[in-house]
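Since we're looking at a predicted model, the values are computed, not measured. The sequence lines fix the lettering, A, B, ..., with proteins before strands; numbering per chain opens at 1.
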Amino acid sequence: MSERSPLVRGMRDLYADELARIRFVEEVFGNTLESYGYEIIRLPVIERTALFSRGIGEATDAVSKEMFTFDEESDPVSLRPEGTASCVRAVIDANLYRGGQPKLWYSGSMFRHERPQRGRYREFFQVGAEAFGFDGPDVDVELIRVVQDVWDQLGLANEITLEINTLGNAASRQKHREGLVAYLTPYKDELDEDSQRRLDLNPLRILDSKSGQTQRLIEHAPEISDYLDDESRRHFDEFQERLACQGVDATVNSRLVRGLDYYTHGVFEWNTERLGAQKQVGGGGRYDGLCELLGGAPCPATGFAIGVDRVALLQQDRGIEAPISTPDVYVLALSDDEEGFALDVAMQLRRQTKLRVRMHQGGGKVKARMRAADRSGASVALIIGAHEAASNQVSLKWLRTVQDQVAVPVTELTATLLNSN
RNA sequence: GUGGAUGUAGCUCAGUGGUAGAGCCCCGGAUUGUGGUUCCGGUUGUCGAGGGUUCAAAUCCCUUCAUCCACCCCA
């Protein structure tokens, strides 16, 4: 035997229950977003590295140390660590916002080169949505409302909490930044190592440092609310009022700054206490400056992204079953002589119904064939032997309920199966 | 990138220097046209990999790889 090739770290094969949960979450998100009139967009997995370093921020962990990057003829490209930058690029490239106000959603793999652990993989799945051309905050609230709808449908409304904050507009954010640097610089030597580095690069991120020492220092640090101008304050007030009107519970967390650089105004995160260390299941916010930063016409925009893996884990933790893709009907001929008849029966069912019909193959004794029928998960076995074939019937046996096996004429089979569900 | 734990059958695991095991699963029979329950029988192994110590290593030592959990950070 030749040598086996192990999985690349952080990559997974997904199948059976685990995949069923992930597909279910993706499907509910997709259907819900479509029901709000959002249109799907499919984006490339690989982009120029520069798109991410400019769009997400050179100083963020996601860009500075977590990207899978390789050279494409000395033009560095990377596997996407998130979807927003690509989506904005696509909107700019096709000038999608010129004729309207696109509301888009996407779903797919994202990649970050981190040490894997529960709820965090190097290839993971996100569903996201972005709305372009709206100043908000009505549309920001709609996005949150969409996600709340999904939590309700998934039975997770009680497991997930929403935190919100505002970063203000560009001017307010800049003043806050200056105030923060002025406050923290005298204490520079007392900050943790990461925060010292961020003091120049991205001082806002110091606010959500986990270091106890740093936490004590920032306890009295200036907050964004001290610097909000009238426009920013009105935006955040209306954001909160509209959330309340929609019956969405949210807690203001003034330390919430988000990991990526492009946010402005209202930002938000969904958290859970049930996934060990990985509390965050999703987040988003407004990014009014990003289109211009990436070379497009100025355009206000807002969006969110959800970690599908974490939502699926949460469902597993809550014991919520996802629909699994097993056959409905298992067709087994008892010998080769009835094979052709059995194939005709199976084809008739596939054409006349949406039932999933699996044929038995591989021979074996009747006992083995019946065992295969049971193991397939099908709820019905159609048994076809010499008697049945001679009389143009099938023997219909329910595998999951206690009912007598019955002989059914082929002409009545479809109706019999459809009426029994 | 840092720390801790764990790698033995398809799965869950026991085995701390002396012939590799259990339960579940799987296969066969009881039941030659009927699964799932019951009874009887059977198969399943580079003990993660490489090296060392020893008469003898799954077991002790070294190296390495992988996985999990946590830190950092994030979805």
- Quick one: what's the B/S/- string for nucleotides 1-6 of chain B, heavy-atom cutoff under 4.0 Å, read 5' to 3'? BBB---
- Query: Just by protein heavy atoms under 4.0 Å, how would nucleotides 32-37 of chain B read 5' to 3' in B, S and -?
  - Reply: -BBBS-
Looking only at the side chains, is there a donor atom on one of [X] and [Y] sitting less than 3.5 Å from an acceptor on the other?
X	Y	answer
A:Q153	A:T32	yes
A:S335	A:E338	yes
A:E163	A:T251	no
A:E159	A:T272	no
A:D374	A:Y330	no

Could you tell me how far [M] sits from [N] if I compare only their [atom1] atoms? Round to whole Å.
N	M	atom1	answer
B:rA5	B:rA9	C1'	23 Å
B:rG17	B:rC11	P	28 Å
B:rG52	B:rA57	P	12 Å
B:rG10	B:rG45	P	7 Å
B:rC25	B:rA20	P	27 Å
B:rC65	B:rG50	C1'	10 Å
B:rC47	B:rU54	P	22 Å
B:rU8	B:rC60	P	15 Å

- Taking everything shown except A:R23 itself, do over 12 heavy atoms lie less than 6.0 Å from its CZ? no
- Query: Around atom CG of A:D404, are there more than 12 heavy atoms of other residues, nucleotides or ligands at under 6.0 Å?
  - Reply: no
- Message: Taking the nucleotide of RNA chain B with the nearest heavy atom to each, does A:W270 or A:P116 sit closer to the 5' end?
- Response: A:P116
- Of A:Q117 and A:R112, whose nearest nucleotide on RNA chain B comes first from the 5' end? A:Q117
Give none if [N] has no partner; otherwise give the nucleotide forming a Watson-Crick or G-U wobble pair with it, both distances under 3.5 Å.
N	value
B:rG7	B:rC65
B:rU46	none
B:rA56	none
B:rA20	none
B:rA70	B:rU2

- Query: Is the phosphate of B:rC68, meaning OP1 or OP2, less than 4.0 Å from a side-chain N or O of A:R118?
  - Reply: no
- Any side-chain N or O of A:Q126 under 4.0 Å from OP1/OP2 of B:rA75? no
If I take atom [atom1] in residue [X] and atom [atom2] in nucleotide [N], what distance separates them, rounded to the nearest angstrom?
X	N	atom1	atom2	answer
A:Q315	B:rA75	CD	C1'	16 Å
A:K365	B:rA30	NZ	C1'	12 Å
A:L256	B:rC73	CG	C1'	15 Å
A:Y15	B:rC11	OH	C1'	11 Å
A:R12	B:rU67	CZ	C1'	14 Å
A:L7	B:rC68	CG	P	10 Å
A:R122	B:rA75	CZ	P	17 Å
A:I206	B:rC72	CD1	C1'	15 Å

- Item | Aromatic ring proximity A:Y121/A:F125, centre distance under 6.0 Å | no
- Item | Option among A:R400, A:R356, A:R350 that satisfies the salt bridge (charged side-chain N to carboxylate O under 4.0 Å, His left out) test with A:D328 | A:R356
- Message: Give me each pair satisfying side-chain hydrogen bond (donor to acceptor under 3.5 Å, both in side chains) with a member in residues 123-140 of chain A, each pair once, sequence neighbours excluded.
- Response: A:T84-A:E130, A:Y106-A:E130, A:S109-A:E123, A:E130-A:Y287, A:D140-A:R286, A:D140-A:T302
- Are the side chain of A:R242 and the backbone N or O of A:P137 linked by a donor-acceptor pair below 3.5 Å? no
- Message: Mind checking if A:R310 touches a base, just sugar-phosphate, or nothing, with heavy atoms under 4.0 Å?
- Response: base
- Message: For a quick check of understanding: with a heavy-atom distance under 4.0 Å over all strands, which category does A:Y121 fall into, base, sugar-phosphate or nothing?
- Response: base
